[in-house]
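Report on the structure given below.
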Amino acid sequence: MQLIRGRVVSFDADPLAGTVPPLDIEDGAVLVEDGRIAAVGEWADLARPGVPVADHRGRIILPGFIDPHIHFPQLQVVASWGTELLDWLNRYTFPAEARFADRAHAKAMSPRFLDALIRAGTTTACCYCSSHRVSAEALLSEAERRGMALIAGKVMMDRNAPEAVRDTAQSAHDDTEALIRDWHGRGRLQVAITPRFAITSTPAQLEAAGALAAAHPEVLVQTHISENHAEIALTAELFPEARDYLDVYDRAGLLSDRLLLGHCLHLTPREIARMAEAQARAVACPTSNLFLGSGLFDHAGLRAGGIPTALATDIGGGTSWSMLQTLGEAYKVAAMRGERLHAFDAFHWATAGNAEALHLGHRLGRIAPGYDADLIALDPRATPEMALRMEAVETLSEALFLLQVMGDDRAVAQTWIAGRAAKA
Ligand code: GUN
Ligand code: ZN
């Protein structure tokens with residue numbers, strides 16, 4: 001049993017219902033027992049002799065961030081110069097992913113990947129691995145060692161890529177099936193069915209992914225859609241029978257509320273209506289979309305269209321591991337569209353919102369009794385410049401917005417995984 005003391009903040013309200021004040025306990029505490037939250041309240045009510053205290057007064061205790069779209073084998077692809085999506089994949093990404101056929105490389109990279117997440121205050125991520133089953137096994141095994149609630153899938157890709165990263169429809173099916181059998185539901189781990197995107201899968205492989213989704217209706221499916229105009233045009237050429245990009249996935253039986261669709265930048269009105277009908281999730285990746293020059297996510301439009309949205313780093317098209325930086329860029333993308341992202345909506349998005357998008361809202365993303373004790377302490381005075389700005393801050397939303405705009409891993413004072421302090 002232990003107590004974490006600080007300003008306890010949690011965002012329970014759905015931003016679709018408008019900006020609602022969060023739970024906010026100025027001198028608060030979280031009582032943690034056996035990896036779960038046992039109680040939340042005023043420090044004065046929860047303090048008890050003999051229980052160790054992590055004292056984070058002056059800091060904000062929040063649920064750990066959730067990153068619903070990130071690529072494990074791209075940790076050395078971040079900051080690759082000069083290309084748009086398809087060239088970027090061919091020139092930088094596929095060669096980097098080819099190295100993950102080597103179990104030793106995948107094993108060496110796994111702790112570095114999870115350390116980076118924890119430094120950034122991210123306690124759960126939904127990860128694309130390479131096309132090699134060993135890459136997913138290495139990552140899941142390291143996450144298990146740390147007790148993390150991690151989701152990972154081996155990418156399925158059987159065409160339009162170098163041989164070193166290609167599988168086949170059958171091997172992708174069998175490897176994914178084996179991963180689900182061996183890892184899904186083990187501890188806090190999950191496996192996701194992960195067809196990379198329409199261009200790199202034959203219709204036969206997408207059908208195999210659909211068969212897996214039908215056989216395992218509780219398993220998440222993740223892929224990319226409508227990120228870049230050249231990608232959309234090539235997809236239309238490769239699937240002449242499909243009505244549009246979304247229809248490629250729909251025909252393969254992949255469209256449901258378990259489907260996480262990365263990017264969603266250039267969707268047609270029909271695709272938006274169909275996604276809303278199926279309640280498929282639109283995953284925004286602002287740093288990646290800006291970096292690759294892909295476009296500006298229409299957050300307000302998709303929400304108004306009834307689509308649940310999530311927010312992700314998309315490392316290594318994305319440029320920062322930090323969900324704080326990602327929220328800061330999401331604010332600027334909204335500003336470019338003449339809109340504004342409120343700090344309460346932003347922090348809800350990166351915690352409870354992302355948890356709900358992953359169907360984990362019943363145990364992650366909130367500070368409430370019974371929830372997993374995946375928590376962070378954020379320091380709004382982490383740098384001299386932030387401390388200076390804080391001198392003029394009066395409200396919680398101002399402090400959070402300062403973290404959103406100026407914060408990064410330096411502002412993460414501690415990250416707890418199932419109640420265990422994990423940040424070195
Ligand atoms: N589309 C297909 N694969 C990828 C990828 O690895 N990153 C991004 N940003 N888009 C993709
Ligand atoms: Zn991606």
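As the structure is a computational prediction, the values presented were derived from the model and not from experiment. One-based numbering, in listed order, for ligands and for the atoms of each.
Ring-centre distance between H224 and H71: below the 6.0 Å cut-off.
Taking every heavy atom of both residues into account, D158 and A169 meet most closely at OD2-N, 3.7 Å.
The Zn ion (ligand 2) does not have H263 among its coordinating residues (no N/O/S atom, backbone or side chain, under 2.8 Å). At least one N/O/S atom of H71, whether from backbone or side chain, sits less than 2.8 Å from the Zn ion (ligand 2).
The Zn ion (ligand 2) is closest to atom OD1 of D314 (considering only N, O or S atoms). Of all N/O/S atoms in H69, NE2 sits nearest the Zn ion (ligand 2).
Interface of H71 with ligand 1, defined as ligand atoms under 4.0 Å from a residue heavy atom, comprises 5 (C), 6 (O), 7 (N). Close approach to L89 involves these atoms of ligand 1, each under 4.0 Å from a residue heavy atom: 3 (N), 4 (C), 5 (C), 6 (O). Of all the atoms in ligand 1, the ones that sit under 4.0 Å from a non-hydrogen atom of L85 are 8 (C), 10 (N), 11 (C). Residue H263 has at least one heavy-atom neighbour below 4.0 Å for each of these atoms of ligand 1: 8 (C), 9 (N), 10 (N).
Close N/O approach between E227 and ligand 1 is found [any backbone or side-chain N/O within under 3.5 Å]. For ligand 1, one of its N or O atoms has an N or O atom of R196 under 3.5 Å away. Where the criterion is an N or O separation shorter than 3.5 Å, residue side chain and backbone included, T93 fails it with respect to ligand 1.
Salt bridge present: D247 and R251 bring a charged side-chain N and a carboxylate O closer than 4.0 Å. Checked for salt-bridge contact, R196 and E97 meet the test: a charged N lies under 4.0 Å from a carboxylate O.
Under 4.0 Å from ligand 1, not a single heavy atom of T200 appears. Contacts between W88 and ligand 1, counted as non-hydrogen atom pairs separated by less than 4.0 Å, involve the side chain only.
In this structure, the side chain of E271 engages the main chain of L246 through a donor-acceptor pair within 3.5 Å. No donor-acceptor distance shorter than 3.5 angstrom exists from the side chain of E142 to the backbone of K107, with no hydrogens or angles considered. Using a distance-only test at 3.5 Å, with no hydrogens or angles considered, no donor-acceptor pair links the side chain of H69 to the main chain of H263.
Judged by distance alone, the side chains of N289 and E227 never bring a donor and an acceptor atom under 3.5 Å apart.
Protein heavy atom at the shortest distance from atom 1 (N) of ligand 1 is H224 CG, 3.4 Å.
Ring geometry for W349 against F297 counts as tilted: the plane angle lies between 30° and 60°, on a 0 to 90° scale.
Here CG of L402 is found 6.5 Å from CZ of R389. Values are rounded to the nearest 0.5 Å.
Using a 4.0 Å heavy-atom cutoff, Y128 is absent from the residues neighbouring ligand 1. For E231, the closest heavy-atom approach to ligand 1 does not fall below 4.0 Å.
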